[in-house]
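Keep in mind that this is a model prediction, so the values were computed, not measured. By convention in this document, chain letters (A, B, ...) are assigned in the order of the sequence lines, proteins followed by strands, and residues within each chain are numbered from 1.
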Protein chains: 2
Amino acid sequence: MLKLSKKVEYGLIAIRHIASVNNHISTVKEISEKYIIPVDVLAKVMQKLTKGKIIISYQGAMGGYTLARKAEEISVMDVISVIEGTQVGIAQCFSEVPENCSIYTNCTIKNPLGKIQHNLEHVFSSMKVSEII
Amino acid sequence: MLKLSKKVEYGLIAIRHIASVNNHISTVKEISEKYIIPVDVLAKVMQKLTKGKIIISYQGAMGGYTLARKAEEISVMDVISVIEGTQVGIAQCFSEVPENCSIYTNCTIKNPLGKIQHNLEHVFSSMKVSEII
DNA sequence: CTTATATACGCCCTGCGTAGTCCTATTTGA
DNA sequence: TCAAATAGGACTACGCAGGGCGTATATAAG
Ligand code: SF4
Ligand code: SF4
């Protein structure tokens, strides 16, 4: 609970790696071997990051990935939300339509939790990839 | 992912309820009916909160629960860690022995994540139950 | 001393999300 | 044409969240 998924961690490691080699093109194979990450899992993470416009993919031989923008402009929050796909929320009513929660109308803590949610988002958004190199 | 468990939400709702009736004794039945919470689930949550010294239980007829200390002295973090039992950590290496993570030695992001972890703990610790009434 | 009302606590079931493997298609440089 | 890469779907194994049940124990009230 409250734990980041391995996919997110793998994504951060990969992005940090690319940034650390001055944004030179890097392959999944290279990264997965260096950090001992299952290659298929990392591959799909990279695909999501590509779709999320965080990295750029180059197909074919000599292909690989580079960052789509500067490391200072990529936040941990960006990475999480792109990989996770769904809206990141500390509670169901923040990540889906509120009415999905069966006790929404009776819930007395959604407002205070909203405040926490806001603070959480700030923590994740203010940490940029450039700070983790 | 990154979501609070229902148990934690139920615990917070219950504690807030007891605080809102000026710490008068409240029963599981009463709370579960008022907020439409499965009674068995709430019961076990209350038992954990009792063991964690956050609330006090009174057994037998006319029994129930009251807070063990003032609402200003109960943080959301207290509730989470007592209900969750295990150490709350944003990543495996923070909630269990670090060596459990197979890539611990190669991991380049554990330090920055540690900073986030610290900030997170601060967010949860600084929100007290007295603020959610 | 009996009964009704509580908490205490263990077992089990079900669904879903996570992590991972395998396989195939497509792109592209040499 | 071939080899190296990305793209992406199908499938499995496992653990945990959420909840349902059954039973034991404590105690106030009659
Ligand atoms: S409504 Fe209350 S209980 Fe339902 S998800 Fe939001 S916070 Fe949790
Ligand atoms: S070591 Fe790196 S990968 Fe392993 S848990 Fe800690 S942060 Fe995640």
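- Atom NZ of B/Lys6 is separated from atom C1' of C/dG15 by 15 Å (rounded to the nearest Å).
- Residue B/Glu30 comes nearest to B/Ile25 through the heavy atom pair OE1-O, 4.5 Å, listed as atom of the first residue, atom of the second, then distance.
- Within the structure, no pair that satisfies the ring pair (Phe, Tyr, Trp, His ring centres under 6.0 Å) test touches residues 69-121 of chain B, not counting sequence neighbours.
- A pairwise comparison of heavy atoms in B/Ala68 and B/Lys53 identifies CB-O, 3.3 Å as the closest pair.
- If you measure from atom CD1 of A/Ile37 to atom P of C/dG20, you get 10 Å, rounded to the nearest angstrom.
- When DNA chain D is scanned 5' to 3' for any atom under 4.0 Å from a heavy atom of chain A, the first and last hits are D/dA4 to D/dA10.
- No donor-acceptor pair under 3.5 Å is formed between the side chain of A/Asn119 and the backbone N or O of A/Ile116.
- Rounding to the nearest 0.5 angstrom, the gap separating the SG atom in B/Cys93 from the CG atom in B/Asn100 is 10.0 Å.
- Cluster membership check: A/Met1 shares its hydrophobic cluster with A/Leu113, using side-chain heavy-atom separations under 4.5 Å among Ile, Leu, Val, Met, Phe, Trp and Tyr.
- Scanning residues 7-21 of chain A for heavy-atom distances under 4.0 Å to DNA chain C yields A/Lys7, A/Tyr10.
- In this model, no donor atom of one side chain and acceptor atom of the other lie less than 3.5 Å apart for A/Ser130 and A/Lys70.
- Without hydrogens or angle criteria, B/Gln117 side chain to B/Val88 main chain gives a donor-acceptor distance under 3.5 Å.
- Each side chain to side chain donor-acceptor pair (under 3.5 Å) pair with one or both residues in residues 38-51 of chain B, not counting sequence neighbours, would appear here, but there are none.
- Between B/Ile132 and B/Met127 the shortest side-chain heavy-atom distance falls below 4.5 Å.
- Around NZ of B/Lys7, the count of heavy atoms belonging to other residues, nucleotides or ligands within 6.0 Å does not exceed 12.
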Atom pairs, N/O to N/O, protein against nucleotides 6-9 of chain C, distance under 3.5 Å?
{"unit_1": "C/dA6", "atom_1": "O4'", "unit_2": "B/Gly60", "atom_2": "O", "d": "3.3"}
{"unit_1": "C/dT7", "atom_1": "OP1", "unit_2": "B/Val28", "atom_2": "N", "d": "3.1"}
{"unit_1": "C/dA8", "atom_1": "OP1", "unit_2": "B/Ser57", "atom_2": "OG", "d": "2.8"}
{"unit_1": "C/dA8", "atom_1": "OP2", "unit_2": "B/Tyr65", "atom_2": "OH", "d": "2.6"}
{"unit_1": "C/dA8", "atom_1": "N7", "unit_2": "B/Gln47", "atom_2": "NE2", "d": "3.4"}

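- If you check residues 80-104 of chain B against DNA chain C, you find no residue with a heavy atom closer than 4.0 Å.
- In this structure, A/Lys6 pairs ionically with A/Glu9, as a charged nitrogen and a carboxylate oxygen lie closer than 4.0 Å.
- Between A/Asp78 and A/Arg69 a salt bridge is recorded (basic side-chain N to carboxylate O distance below 4.0 Å).
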